[in-house]
Structures are given as structure tokens and as C-alpha cells.
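These numbers come from a predicted model, not from an experiment. Numbering starts at 1 and runs along the sequence shown.
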Amino acid sequence: MGSHEEGQRRGREVHVVVVPCPTQGHINPLLQFAKHLTHRGLNVTLPTILTNSNPTHLALHTSLTIQHVSLLPYQGTEPENPLAFWDRRQASIRLHLTELLTRRESSGDSVDCIVYDSMMPWVLDVAKKFGVLGASFFTQSSAVNAIYYNVYKGWLNVPLQEKSVLLEGQLPVLQPSDLSTFVSESSKYQAVLSFLTDQFKNLDVADWILVNTFDSLEPKEAEWMRRQLPFMSIGPMLPSVYLDGGLPNDRDYGVSLFDESDMDSTMKWLDTKDKSSVIYVSFGSLTEAKEQQMEEVAWGLKLSNRCFLWVVRESEIHKLPPSFIDETSEKGLVVNWCPQLEVLAHDSVGCFVTHCGWNSTLEALSLGVSLVAMALWSDQPTNAKYLEDVWKVGKRVRVEENGICTRERIAESINEVMEGENSKEIRRNLNGWRQSAKEAMDQGGSSNTNINDFVQQLLRKTQLSY
């Protein structure tokens, strides 16, 4: 695989449109998959809403085009709520996609397939309207997919009544606190839960269903999902240099929605630190912690008495204690953004305090960094459950009755994964999962084989329909 000719369809390149949700955590894996398709000779367009004036910071493949989707103007008179903003972004993408498909069809050079984020199932309806093949791409783990699918099928009733839950899907026994907050607090999040279960509503007409995981990480969960629907594991979708090296010069994702001006100074700071001595702290691009929680994290880091690198978005910097940065300047560095993959791969980093988003979890597993999980919402509690009790690669910070993780528990968890009695076992487990992730993406690995199968099936189907 990988030759230009294999991506041809009767004299022209097969054209795939990859449509991510316009948030960093969803753009990254779908963009990475797009790079795998171009490497196999396909022509790929990725439309998304960009907020950074200079979003690309590497030379992307010449067969991969990133299109900026113009955000439709807000028409309301009252402040726009998050749900309305989400609807406006989807409407913007729908308009752009429809115009793209119409334009290509009129030129006689039609789009052959649309790979779309499962969070936007309406894209499949648009694809089928134009007679285009459709592939749904799930950015969550197989375990989380299984939980939402149980809710979708009515096998898990919400609001929850039981103190523990044993689900269809070969999952371990779960407490309500191990489930997505949209399930455990379904009365509060009815609209969001409905939106998430809608991921499955039209998959019977999808041509492929892809998921960003690898089978050896979630063997029972992946097998159970395949018995329900034809899921194909194609992950972990990380830049190739951190895995098998199969994509030349692939060192980072390629699109960032954030200002990267602090990158060089951050890496130079890490270069001055001892091996495995630094705590890296980041709660993702969307998660917003309460001010009280930010204060507890701050003083927990100080209490640990270790060096730390903490990513705090500019919009949240006011939540830090007023004296914190000055009091910890000898050991700590607070930045608005950093190149997370480069940081996790740096020898000085010994622990990752994370919200446990799926991308961050996969990155840490693939790069062999122990985790301290501070799950806040969405699928994060399930990911935290798995990293502590199933994969055994870190520690989950327990939440108090007021919903806050205390500074004492944070410091205790950090010290436990870095030097505690289980730290050696954690490092051994991480080495195993790191090797498994590489093998999944290696030539002949299960995930790499699934990507090859997807491309070969696409070529056969487009030949037949040409």
C-alpha cells in the first residue's frame, strides 16, 4: 500500500472528504486518519472551522487540503448559549459540505466517500443524498461506545436506579461514578445524552464504522461492539513518529486552534529538568474546572514539592490563587498552551495529571507516561476507571462529596504513581501498552490492516459504482 496508483479510480484520484467536529480533540484523530489516506494514494479534503489565523504548522501532504469553513453569523439578540452555538457551527459545516459536493458533482469530478465524526450523524444523510459512500468515525473508546449503545437500545435505563451496573458489552462492573456524566446525571443532561445516542441511529446505512482505539487495549469491548455493528478499530490515531514511523516526517497533528508562541521556551525549560522529574498538568482544550478545583490543583502541586508544567488556558488563568505563580516559580511553569505530544515524549516528564479525555489517554499510553486522573465530565470517568483498574497505568483522584478533588489527594496520587509501591508495576504496564500501540499501527498490525482494508474496500466500491 501507499503508492499513488493504488488511489486511482480509472484515471483519476479517489477523493475523500473528512469532516471532524470543529474542536481540537475531534480534529486531531480525524486529521491523522486523513494523513493515512493520503499516504495510501487518496486525495483528501478536510473542511473545518478554524479559529487560529495560522492553523497549520507543518508541511501537510500535497494530496491533503484543509478548507476553512466560514462560521455563519449569529442572528439572535440575546447572548448565544452553548447549544445554539453548536447548532450554528453544524449549520455552517452543512452549508459548506453541500456546496462542496454540488460543485464537485457539477465538474464531473465527484466526491467518492465522506468520513465524518460520529457526533454529526446528519452528514451521512447528506452523503447518501449525493450518492456518496459514508464512513462514521467514533472518537471515543469502545467501552464508552458500549455504554452509549446500551442506553440507545434501552438495555440501560436512565435515570439510573442501581448502585452498580453490569452492562451488555463485557465491561467490568461499574459504579455510577464510573459512567459518563451524561448517563449518571441524565436528568441534568437529557438533551446531550439524546445527542450522543443519536450517533447510532443511522449506522445501518453507513458503509463503514471506524473507531479510534486498538483491539488489544479493549479486546472484549471491541468484540462485543463488532457483534452489534461492523466496527473497525483503526487507532491509536497519533502522529507516526511516536508509533511505527510509517508516515514520513509525521511529528505532530498539523492543525492547532491555539497560539503556539510559548512552544520553544517550554521545551527549553523541560530540557533543564532531571529525567522523570516533572509533573505535566493539562485538562484539555474544552474542560473548564471550577475555581475551587483549580485552587486545590495549585496547592496540590505545591504540596507535592516537585517540578511541574501546567497548561492553563488564558480564559482560566484568573482562577489560580493570586500568589501561586510567584510562590512556585522555582519549580513550576504555567503556560497557555504547549505541544502535548512533544512534552509527553520528553525524558523529564514522569507523570501526567489529566482530565482523561480519550485523546490524552491514548497519547499517554502510547508514549509510556503514568497518569493521575482527575475526571470531570463526559466520558472521562469511564476512561479514568479503565486506566486505574483495567490497564493499571495510573491513579484516579477520588472526588469528595462536594465534587472537588482535594489538594491532599492530588499530591498523594502524584507521589504514588511517581515513587509509590505500585510505581514499578505501573511503568511495566505502560511499557506493555506502549508496545501494543506500536504493534497495532505497524505493517501487519490489526489497526494498520483495518486501514488498508478500508482503502481497498473503498477502491473496489468506487470501481463498481463508476
Side-chain angles (χ1 to χ4, degrees), residues 138 140-200 211 213 215-229 231 287 290 293 354-358 360-362 365 371-406 408-410 412-413 416-417 422 425-426 429 433:
F138 282 74
Q140 305 147 163
S141 71
S142 288
V144 170
N145 289 333
I147 292 169
Y148 288 142
Y149 192 74
N150 273 272
V151 176
Y152 172 72
K153 297 294 287 187
W155 300 333
L156 174 61
N157 294 318
V158 291
L160 297 174
Q161 303 298 323
E162 302 84 0
K163 292 184 179 179
S164 62
V165 178
L166 181 60
L167 292 173
E168 289 280 344
Q170 300 294 316
L171 277 70
V173 175
L174 301 171
Q175 306 301 315
S177 60
D178 300 327
L179 298 169
S180 163
T181 50
F182 305 134
V183 175
S184 62
E185 302 176 43
S186 59
S187 299
K188 180 179 177 182
Y189 295 111
Q190 288 181 355
V192 179
L193 183 58
S194 177
F195 160 72
L196 289 166
T197 55
D198 278 352
Q199 294 177 94
F200 304 98
V211 58
T213 189
D215 286 352
S216 58
L217 184 65
E218 305 178 274
K220 294 180 179 179
E221 296 83 353
E223 177 59 31
W224 185 83
M225 286 305 302
R226 277 195 292 270
R227 292 202 297 270
Q228 318 308 314
L229 294 161
F231 274 80
T287 302
K290 298 176 182 177
Q293 185 61 82
T354 172
H355 64 311
C356 251
W358 185 234
S360 291
T361 301
L362 281 179
L365 284 169
L371 295 127
V372 170
M374 289 184 54
L376 299 175
W377 74 316
S378 188
D379 61 335
Q380 298 162 16
T382 306
N383 299 336
K385 164 70 175 179
Y386 268 69
L387 77 83
E388 181 177 56
D389 294 335
V390 179
W391 305 318
K392 300 184 186 302
V393 294
K395 178 72 175 175
R396 183 179 181 182
V397 185
R398 298 302 164 187
V399 179
E400 302 300 315
E401 290 184 3
N402 62 356
I404 299 296
C405 300
T406 65
E408 292 82 10
R409 287 186 180 271
I410 293 168
E412 176 186 298
S413 297
E416 185 172 334
V417 302
N422 295 321
E425 180 187 1
I426 287 172
N429 292 336
W433 291 122

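- For the atom pair N145 CG and M225 CE, the distance stands at 5.5 Å (nearest 0.5 Å).
- Between L387 and C356 the shortest side-chain heavy-atom distance falls below 4.5 Å.
- For the atom pair CG of L160 and OG of S187, the computed distance is 9.0 Å after rounding to the nearest 0.5 Å.
- The shortest side-chain heavy-atom distance between W391 and T361 falls under the 4.5 Å cut-off.
- Between E221 and S142 the shortest heavy-atom distance is CB-CB, 4.0 Å.
- Shown here for V165 and L156, the closest heavy-atom pair between the two residues is CG1-CD1, 3.9 Å.
- For the atom pair K395 NZ and R409 CZ, the distance stands at 8.5 Å (nearest 0.5 Å).
- R226 has its side chain within reach of D215: a pair of non-hydrogen atoms, C-beta onward, lies under 4.5 Å apart.
- Checked against the 6.0 Å centroid threshold, F195 and Y189 do not count as a close aromatic pair.
- A salt bridge does not link E412 to R398: none of the charged side-chain nitrogens sits closer than 4.0 Å to a carboxylate oxygen.
- The line from OG of S141 to CG of L217 is 8.5 Å long, rounded to the nearest 0.5 Å.
- Looking at W224, its side chain never comes within 3.5 Å of a backbone N or O of A146 through a donor-acceptor pair.
- Between N150 and E168, the side chains place no donor N or O within less than 3.5 Å of an acceptor N or O (distance only, hydrogens not considered).
- In terms of modelled atom types and a separation under 3.5 Å, the side chain of Q161 and the main chain of P159 share a donor-acceptor contact.
- One distance of note links CG of L376 with OG1 of T181; it measures 9.5 Å at 0.5 Å rounding.
- For S194 (side chain) and Q190 (main-chain N/O), no donor-acceptor pair under 3.5 Å exists by modelled atom type.
- Using a 4.5 Å heavy-atom threshold, the side chains of V397 and V372 count as touching.
- Across all their heavy atoms, A143 and L171 have their closest contact at O-CD2, 3.7 Å.
- Using a 4.5 Å heavy-atom cutoff, the side chains of K385 and Q175 are not in contact.
- Without hydrogens or angle criteria, Q199 side chain to F138 main chain gives no donor-acceptor distance under 3.5 Å.
- What you find for N383 and G357 is that their closest heavy atoms are ND2-C, 3.9 Å.
- Between I147 and the choices D379, D178, L196, L174, the side chain to side chain contact (heavy atoms under 4.5 Å, CB included) rule is met once, by L174.
- Checking side-chain atoms of Q293 against main-chain N and O of C405 turns up a donor-acceptor pair under 3.5 Å.
- Between Y152 and F200, the ring planes are tilted. Angles from 30° to 60° get that label.
- Here the shortest heavy-atom pairing between V417 and I426 reads CG1-CD1, 4.0 Å.
- Across R396 and S177, no two heavy atoms sit closer than the pair NH2-O, 2.7 Å.
- E223 has no carboxylate O lying under 4.0 Å from a charged side-chain N of K220, or vice versa, which leaves the two without a salt bridge.
- Remark: H355 NE2 to S378 OG distance equals 9.0 Å, nearest 0.5 Å.
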